[in-house]
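As structure tokens, the structure follows; a few thoughts come after it.
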Amino acid sequence: MDSLPLLADHPYASFLDQVEKPARYAGGEVGSVVKDWASVEARVCLAFPDVYDIGMSHLGFKILYKLLNDDPRTLAERCYTPWVDMEAQLVKRGLPLVSLESARPLRDFDVVGFSLQFELTYSNILTMLHLGGVPLRAADRGEDDPIVIAGGPTATHPEPIAPFLDAIVIGDGEEKATEVALAWARLKREGVPRRERLVAIARLGAVYVPSLYATRLDPDTGFEVVDRPLASGIPFPIERALVDLNKYPFPDESPTGGPEAIFDRMSIEIARGCTEGCRFCQAGMIYRPVRERDPEQIVDTVMRAVQRSGQDEVSLTALSTADVSCISPLIKKVTERLTAERISLGVSSLRAYGLEPDLLDELKRVRATGLTFAPEAGSQRMRDVVNKNVTEEQLLETAERVFSRGWGKMKLYFMIGLPTETDEDVRGIVETGARAAGAGRRAAGKGKPVDVTVSVSTHVPKPHTPFQWAAMDTLGEVGRKQRLLKDTVRPYRAVTLKTHEAHASVLEGIFARGDRPLADVLERAWRHGARFDSWEDKLDLAVWEEAFTHVGVDREKYLGTLPVTARLPWDHIDVGLEEGFLAKEYRKALQSRLSPPCGKVAGMFVHHTNLDDAKADARRLVCYDCGVACDMTQMREERLTFLDRLGAHRRSLPVLTDAGAAPPVAAAGPSGAPASDGGAERASVGGAERASVGGAERASVAATEPKSGDDGEPSRAEGEAPHRARRIAPAPKGRGGFRYRFRFEKAGPMALLGHLDVVRELPRVLRRVGAPMTYTAGFHPKPDMTFSPALSLGVISLDEYVDLRLERDLDPAALDALVAAMSAASPRGLVFSGAVKLGPEDPSLSKLIAGARYALAFARSAIGGDAEALLAARCSAALSAASLPIRREIDRLAKMVDVRQYLVRAEVGGPEVHAALARAGLVGDLVALEVEVDIRGSGAVKSSEVAAVITGEPGEAPGAITPPPHRAVRLQLFGRTSPAGSAAGERFSLFDLERARRVKPAPERTAALPLAADAE
């Protein structure tokens, strides 16, 4: 049943309460851009084919969003795949999928641009097109339909999804996004027919328009391959776009806030491409050559991003950060700048041999509790096959260095199913982990725990890699190897083995090496319910089995060995590699022969970390002729320039030597050892993610519930994602700082956010306005703040409070200015309305809050008859009742709560209440109740429970009481001059410090059971 709308004029407003994480669809985040549609030439919807929580972390989206919105000729808005509950609501109501910024359907845009990150998101693309009012197939789109375009890594092998796309950008999208959008919109205004527009787009270069190319069957494979262009002047093959990264600085601002993103941090791309040439890695091939961003630009971007976003964690990301030429001095420089700001630093994708002692010591300053590496294979022979230029000696040396510095855990990533793999190689995976654990135990010292996790995924042969011709292991063979791993690991207590479900990997392999006939399979599976196939709990294999059988597609031909001489379904896409290069690397792999890393001196595993050593080394850089034009002289000069700019002129001693390294300060676990960071699938140093081979791994961030707050007590801001890097700066002794109480309102999108999301947002707001907070003492300091009781999702509040400590002493005028600045720097719906400075004698919120007033607003039509008289009678009956029981469920456990113990007053609301409802954004023909309830240290009641016992149908069982559709507004939180539970006591504002100081908490009149986490 629908509630009163929370968001004015939003098509989903009346039913957002009925879906999981409704704020996913509300928008209003800090950094989001809303432009006047009439003021631009082209309107682009950036569509991400996965849920909001995943898409908000995607770097490519952030880059294009800022580029398009910074250009006065274009606008960009965002849309993410709705979760299955929201899709069901849209279908049921006949409503379209709309963008976050202006709530316009996808069909209204000139361009709908999808990000192709992973083959198993293809079904989500069809969901978004269908819900957005755009015909699924490109062939069915009319003159007025938007152009549907895509880009990203899987755009380099797009045939299974090609019939649903009008155009596909190959390579870097920074230049092409604006060029394509403007060209399409201009040609459409000029009345150019759709097909001619597509031809013009194809002639721009680096754009593949599938409908303009003929296909044929390849006799060697039975694949349908692209044969020739059907229009003159369009490229064949289609070459990729390549940009100079320093002409496109990484954005220092992007939408921040809303429900917690899967990687809730400010990630900064520091390089694109990789030197290593791992033969299984598609990204390492298609993003050549290595392009590094100017380190000065990186440092400046980091600092501006921290200030503008308010994030408390930064991640430096690249395919292999350890192989960025100036990574060690860059980390030192960034750490120096972030230390004073109490910002954590994460570094992704480090390699075992990339960790020199001085870099480890710098990383230790961020107090990460675990490090992750990717040896990929369990034997040296197999590491040579995949061209992983790392030896086991280097891995063990790294383990010694890591555990000797006090880290308590290490995670190692491996693959099974690689070409030429034997059972000995498979067992070697566990044995390598065991040897790393042994080296760690020796280095850590007696009594120190050592935890080595071995995570094993299934290799998926990917296009544009030397292994594109190799067979993929069958499900039976994968299962046998996983059993072999489990048998091997049993004797090794220090090694934890994790394996991954292989069914999704097989489906990924089919679509990775697929051709156009798979489009029919995809559409069939989608029409029968395929959704979120990359989510293990959503993948429905039966749906896919039926689709393959119905269409008559032989899956095995996509998974077996392919002839090296055959034409493949992706051969018309030129990613810049010389013809024959991949085949040469494949042959070397089968002979277990290495190719050295390019752009480095032969035999050198890490770059020089200082200018003196780099200048003194005159040896030639390796180039093994992959076909990409690299200027080695320029590359060398650029690296010298970067080291110079970072001030890395001479070799310096590590911060701590191996011999004298003291363990880092870390939270003690049960045995006194450093506590782990939660251990989930986070591949990181300091919490930065690693993309798994084949994408099968899905990292998750589960925030810890804040203490209290679930029982009516003010909630401490102690919830923190368990895998996050720890604070850089040392914790201050004592609480310190100056204590303030802030009052704020949360309405609109903010009323749809969970309490933990609000808790995370407040420190960001203060960072944006430059008001440093003080932190709690201890091993893991956090912002020192205490909130008023948590609200349920969808409850608006005009009177919320937080006590916090700031480093600065502010006079009243400065405090008023800060309040105004905080409102301006907050997401839509969060407004700060006042602040007072607290003294040492002022009681905390937990000792003051005695009750709350709510307005319960109903549409008059939902009550019927003489609504005011009916509600007045219900209020009288409720107050006369001896008890008002209602059933409450907490984590599937039910209990009875007596609402009458907490209900102090209930009456029909007058003009003042209706004025407050209007201020909260609730308008229309409404009737309202004003209720007052107790809030005690041991419990409280939810506004929905009060509404149920007053307005629910008489005679209903307590567990079945359902109120009419309504909206709750918390009007006031207050203290009382008499004990809690006494209506006779005079209420006072929590800003009335004189009265607050005179209040002495009294014993409660009754005991109460604790409440659920979303209690009010």
Side-chain angles (χ1 to χ4, degrees), residues 706-719 737-747 750-751 753-766 771 773-774 783-792 795-806 810 812 815-816 818-820 822-823 826 829-839 841-855 916 919-920 932-937 940 943 968-977 980 987-997 999 1001 1014-1016:
K707 293 184 179 179
S708 193
D710 57 358
D711 58 1
E713 276 278 71
S715 42
R716 295 288 297 176
E718 294 180 353
F738 301 88
R739 190 162 156 250
Y740 301 90
R741 177 166 297 152
F742 285 82
R743 180 170 56 209
F744 62 93
E745 303 172 4
K746 60 191 217 62
M750 290 302 295
L753 273 183
H755 180 67
L756 282 178
D757 291 313
V758 177
V759 169
R760 276 187 288 270
E761 187 60 30
L762 183 58
R764 293 175 184 162
V765 171
L766 289 164
M773 300 181 67
T774 64
D784 193 340
M785 54 187 184
T786 304
F787 281 80
S788 49
L791 286 167
S792 300
V795 177
I796 300 169
S797 181
L798 302 178
D799 198 44
E800 292 296 290
Y801 294 87
V802 60
D803 286 357
L804 54 83
R805 291 177 180 270
L806 300 178
L810 302 173
L815 198 52
D816 289 344
L818 176 59
V819 168
M822 289 170 67
S823 290
S826 293
L830 180 61
V831 177
F832 290 86
S833 55
V836 293
K837 184 178 179 182
L838 302 177
E841 72 281 10
D842 289 315
S844 65
L845 287 172
S846 60
K847 294 179 180 177
L848 288 179
I849 295 176
R853 285 194 308 123
Y854 289 91
R919 186 172 137 219
E932 180 179 332
V933 296
D934 275 350
I935 295 177
R936 306 172 188 166
S943 57
V969 179
R970 187 142 79 185
L971 302 174
Q972 184 185 16
L973 284 167
F974 52 79
R976 282 201 191 96
T977 54
R987 299 193 303 257
F988 64 86
S989 164
L990 301 180
F991 270 11
D992 189 341
L993 301 184
E994 185 175 344
R995 284 197 197 182
R997 291 165 193 151
V999 171
D1014 62 350
E1016 300 162 66

- Query: At their closest point, which heavy atom of Ile935 faces which heavy atom of Ala852, and how far apart are they?
  - Reply: CD1-CB, 4.0 Å
- Query: Can you check whether Glu994 reaches Asp992 side chain to side chain, under 4.5 Å on heavy atoms?
  - Reply: yes
- Heavy-atom distance under 4.5 Å between the side chains of Leu791 and Glu800, does that happen here? yes
- Task: First locate atom CZ of Arg853, then atom CZ of Arg987, and finally report the distance between them rounded to the nearest 0.5 Å.
- Result: 5.5 Å
- Item | Asp803 and its side chain to side chain contact (heavy atoms under 4.5 Å, CB included) partner, picked from Asp784, Asp842, Leu845, Leu990 | Leu845
- Task: Grab the two heavy atoms, one from Pro763 and one from Met785, that are nearest each other, plus how far apart they are.
- Result: CG-CE, 3.4 Å
- Message: I want to check something: taking the side chain as every heavy atom from C-beta on, are Leu762 and Met822 in contact at a cut-off of under 4.5 Å?
- Response: yes
- Looking only at non-hydrogen atoms, find the nearest pair between Ser943 and Val795 and report the distance. OG-CG2, 3.8 Å
- Within a strict 4.5 Å, meaning less than it, do heavy atoms of the Tyr740 and Leu818 side chains meet? no
- Message: Under a 4.0 Å threshold between the charged nitrogen and the carboxylate oxygen, would Arg976 count as salt-bridged to Glu932?
- Response: yes
- Message: Distance check, rounded to the nearest 0.5 Å: Leu810 atom CG versus Phe738 atom CZ?
- Response: 9.0 Å
- Message: Would Arg995 and Phe988 count as a cation-pi pair here, with the cationic atom under 6.0 angstrom from the ring centre and within 45° of the axis?
- Response: no
- How about Glu761 and Leu753: do any of their side-chain heavy atoms sit closer than 4.5 Å? no
- Message: Quick check on side chain to side chain contact (heavy atoms under 4.5 Å, CB included): which of Leu848, Asp799, Leu973 does Ser788 satisfy it with?
- Response: Leu973
- With sequence neighbours excluded, what pairs up with Phe744 under the ring pair (Phe, Tyr, Trp, His ring centres under 6.0 Å) test? Phe832
- Task: Taking all heavy atoms of Lys746 and all of Ala751, pick out the closest pair and write down the distance.
- Result: NZ-CA, 3.9 Å
- Partner of Glu841 by salt bridge (Lys or Arg N to Asp or Glu O under 4.0 Å), out of Arg997, Arg739, Lys847: Arg997
- How long is the gap from OG on Ser797 to CG on Leu971, to the nearest 0.5 Å? 8.5 Å
- Apply side chain to side chain contact (heavy atoms under 4.5 Å, CB included) to Ala920 and list each qualifying residue two or more places apart in sequence or on a separate chain. Ile796, Leu798, Val969
- Task: Please list, chain by chain and in numerical order, all residues satisfying side chain to side chain contact (heavy atoms under 4.5 Å, CB included) with Phe991, sequence neighbours excluded.
- Result: Arg741, Arg743, Tyr801, Val836, Ser989
- Item | Over all atoms of both residues, closest heavy-atom pair of Arg970 and Pro789 | NH2-O, 2.8 Å
